[in-house]
Amino acid sequence: MAIQRAKLENIPVILGSATPSLESLYNVQQGRYQSLQLRQRATNAPLPGITIVALRRQYLQGGLSSDLLNACSETLAAGNQVLLFLNRRGYAPAVLCHDCGHVLHCPRCSAALTWHRHQQRLRCHHCGYESRWPEDCPECHSTALITAGQGTEQLEEVLRQRFPDTPVWRIDRDALPGREAFSAVLEQIHQNQPAILVGTQMLAKGHHFPAVTLVGIVNTDQGLFSADFRAPERLLQMVLQVAGRAGREDRPGRVLLQTHLPHHPLIQKLSEGDYQQAARLLLEERLQASLPPGTALTLMCAEAHQRAAIQAFLEAAKACAPDSLVISGPQPALLERRAGFERAELWVEAPTRQIMQKALKTWLPCCQQLPEARRVRWFVDVDPQFML
């Protein structure tokens with residue numbers, strides 16, 4: 001919006017980010033943008049050192065290694081604060097049967113239910129469905145139901161047990177549902193007393209915590225194997241944004257990355273703390289794979305209660321598409337079922353955004369006139385930032 005407004009007014013626009021998108025870096029390469037580098041932090045403090053903590057064969061307490069727990073103890077003993085980042089709300093992201101392996105899923109979505117122990121509820125984070133903990137497994141009727149994985153609620157519980165005399169503040173949408181609650185916690189944090197902050201992306205950027213000298217990334221591997229091609233970029237941005245919360249004033253900071261894949265190329269680049277170099281490598285991979293920003297991408301998504309109606313509409317839409325577009329699909333969406341609706345999509349590609357925009361102007365009115373369009377809900381997402 002800012003770029004378009006500046007173009008209409010014929011004035012310069014400044015985009016400020018410590019972790020610019022790959023699209024912005026590509027525009028710099030193409031000469032559309034000029035890159036201006038800030039060589040130091042606003043507080044003149046040095047950037048924190050980043051250390052990889054290999055988790056293989058380690059005993060983990062609530063997902064926390066002994067290295068990270070010991071670092072927490074040292075930081076608190078020195079009178080400083082700790083920030084632990086885990087981008088998963090709830091107590092555990094899945095509940096499964098220990099006997100047959102069945103995972104409890106939302107009846108309306110193709111997603112596992114998250115266990116929220118404090119509220120004693122199983123909850124779907126996509127449609128809001130809730131239920132109680134079942135008496136037995138719906139598949140084999142065993143009572144051996146267990147949780148799998150960790151969420152921020154579980155981290156808070158483990159840390160309160162390990163550090164009973166230290167305040168532990170969980171900062172996520174469940175613990176702090178409103179702005180006033182969040183502001184009250186921030187006031188306590190800014191008293192700069194020893195404390196542990198546990199949170200999701202609410203803590204990632206835009207906050208200045210003078211007493212935080214240790215940042216721990218609990219699950220760095222979370223974004224490495226997503227089917228969304230933008231996931232590695234978001235992982236790189238998120239980790240370095242969270243890392244930037246450490247050592248922002250006169251107290252030196254450090255960052256620990258917990259990972260089962262210490263030799264993964266992206267993890268190695270993260271440990272170097274150089275966003276520009278790591279982003280350039282991701283950009284090269286994107287261009288080699290003919291993915292944005294080297295090409296233009298649009299998703300056409302359709303949903304209905306019956307898969308046959310979706311398939312018929314997407315096939316008809318594909319058949320009337322201009323020759324300038326390369327279309328893949330129909331294929332299931334990443335979340336194939338949501339809130340009771342089946343979902344599928346077309347990947348629509350073009351060499352440039354200009355070609356894409358010109359083709360969409362003629363194609364979309366044609367799609368609106370299709371008889372099959374009346375039986376589904378459909379929309380297009382131009383330059384999608386998340387695979388739906």
Side-chain angles (χ1 to χ4, degrees), residues 1-5 7-8 21-24 26-27 29-30 32 106-111 126-127 226-234 282-388:
M1 182 69 72
I3 295 168
Q4 183 65 17
R5 179 66 185 273
K7 181 179 179 181
L8 294 172
S21 68
L22 298 191
E23 279 77 7
S24 289
Y26 182 70
N27 283 330
Q29 287 186 3
Q30 299 300 306
R32 301 189 189 104
C106 173
R108 307 174 68 216
C109 304
S110 53
H126 297 280
C127 73
S226 171
D228 188 343
F229 69 88
R230 295 189 190 275
E233 176 188 4
R234 286 198 293 271
L282 290 180
L283 179 57
E284 290 176 8
E285 290 180 0
R286 288 265 196 94
L287 298 179
Q288 290 173 3
S290 298
L291 289 169
T295 58
L297 176 65
T298 293
L299 289 183
M300 175 176 281
C301 306
E303 57 185 23
H305 291 294
Q306 302 296 328
R307 293 189 183 186
I310 302 173
Q311 189 77 13
F313 167 71
L314 293 178
E315 290 285 3
K318 183 177 181 180
C320 68
D323 294 336
S324 56
L325 299 177
V326 177
I327 300 182
S328 303
Q331 59 199 19
L334 288 187
L335 189 63
E336 191 171 353
R337 192 165 184 261
R338 181 174 182 177
F341 285 85
E342 305 294 333
R343 307 164 76 240
E345 62 194 18
L346 295 176
W347 277 52
V348 184
E349 298 175 85
T352 67
R353 296 179 72 181
Q354 290 77 14
I355 294 175
M356 175 69 76
Q357 291 166 357
K358 183 178 179 180
L360 291 179
K361 287 181 180 179
T362 59
W363 184 39
L364 296 184
C366 174
C367 294
Q368 290 174 341
Q369 301 302 318
L370 293 171
E372 294 85 355
R374 303 190 191 100
R375 304 184 183 95
V376 301
R377 299 194 310 198
W378 66 280
F379 64 93
V380 294
D381 188 358
V382 181
D383 296 328
Q385 294 303 302
F386 292 87
M387 299 298 101
L388 302 172

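We number each residue from 1, following the sequence as shown.
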Ion pair R337/E342, N-O distance below 4.0 Å: yes

Steps toward side-chain contact (heavy atoms from CB on, under 4.5 Å) verdict (D383, M356): CA-CA 10 Å; D383 296 328; M356 175 69 76; over 6 Å; no

Within 6.0 Å of CD in Q306, more than 12 heavy atoms from elsewhere: no

Nearest non-hydrogen partners of L334 and A227, listed with the distance: CD2-CB, 3.5 Å

Separation between CG of L314 and CG of L370, rounded to the nearest 0.5 Å: 10.5 Å

Any side-chain heavy-atom pair of R286 and F229 under 4.5 Å: yes

By side chain to side chain contact (heavy atoms under 4.5 Å, CB included) - contacts of Q30 (at least two apart): Y26, R32

R343 to I310 - nearest heavy-atom pair and separation: N-CD1, 3.9 Å

Smallest separation among heavy atoms of A302 and F313, with atom names: CB-CD2, 3.9 Å

Side chain S110, main chain E336, donor-acceptor under 3.5 Å: yes

Residue among W347, F379, F386 satisfying side chain to side chain contact (heavy atoms under 4.5 Å, CB included) with L299: W347

4.5 Å side-chain heavy-atom contact, M1 and Q4: no

Nearest-0.5 Å distance that lies between atom OG1 in T298 and atom CG in L346: 11.0 Å

Under 3.5 Å: donor-acceptor pair, side chain of R338, backbone of C109: no

Residues W363, I327; criterion side-chain contact (heavy atoms from CB on, under 4.5 Å); working and verdict: CA-CA 12 Å; W363 184 39; I327 300 182; 4.1 Å; yes

Verdict with reasoning, V380 to L360, per side-chain contact (heavy atoms from CB on, under 4.5 Å): CA-CA 10 Å; V380 294; L360 291 179; 5.6 Å; no

Flag side-chain contact, heavy atom, 4.5 Å: E345 against D381: no

Stepwise side-chain contact (heavy atoms from CB on, under 4.5 Å) check, M300 with L364: CA-CA 10 Å; M300 175 176 281; L364 296 184; 4.1 Å; yes

pair E349-S328: side-chain heavy atoms closer than 4.5 Å: yes

Backbone of S290 reached by a side-chain donor or acceptor of T295 within 3.5 Å: yes

Gap separating the CG atom of L8 from the CD1 atom of I3, nearest 0.5 angstrom: 12.0 Å

Check: P384 main-chain N/O paired with R230 side-chain donor or acceptor under 3.5 Å: yes

Nearest-0.5 Å distance that lies between atom OG1 in T352 and atom CD in Q357: 8.5 Å

Heavy-atom side-chain proximity of H305 to F341 below 4.5 angstrom: yes

Heavy-atom closest pair, residues T362 and A359: OG1-O, 3.0 Å

Side-chain donor or acceptor of K318 paired with backbone N/O of G329 under 3.5 Å: yes

Heavy-atom side-chain proximity of E233 to S21 below 4.5 angstrom: yes

R353 atom CZ: more than 12 heavy-atom contacts under 6.0 Å: no

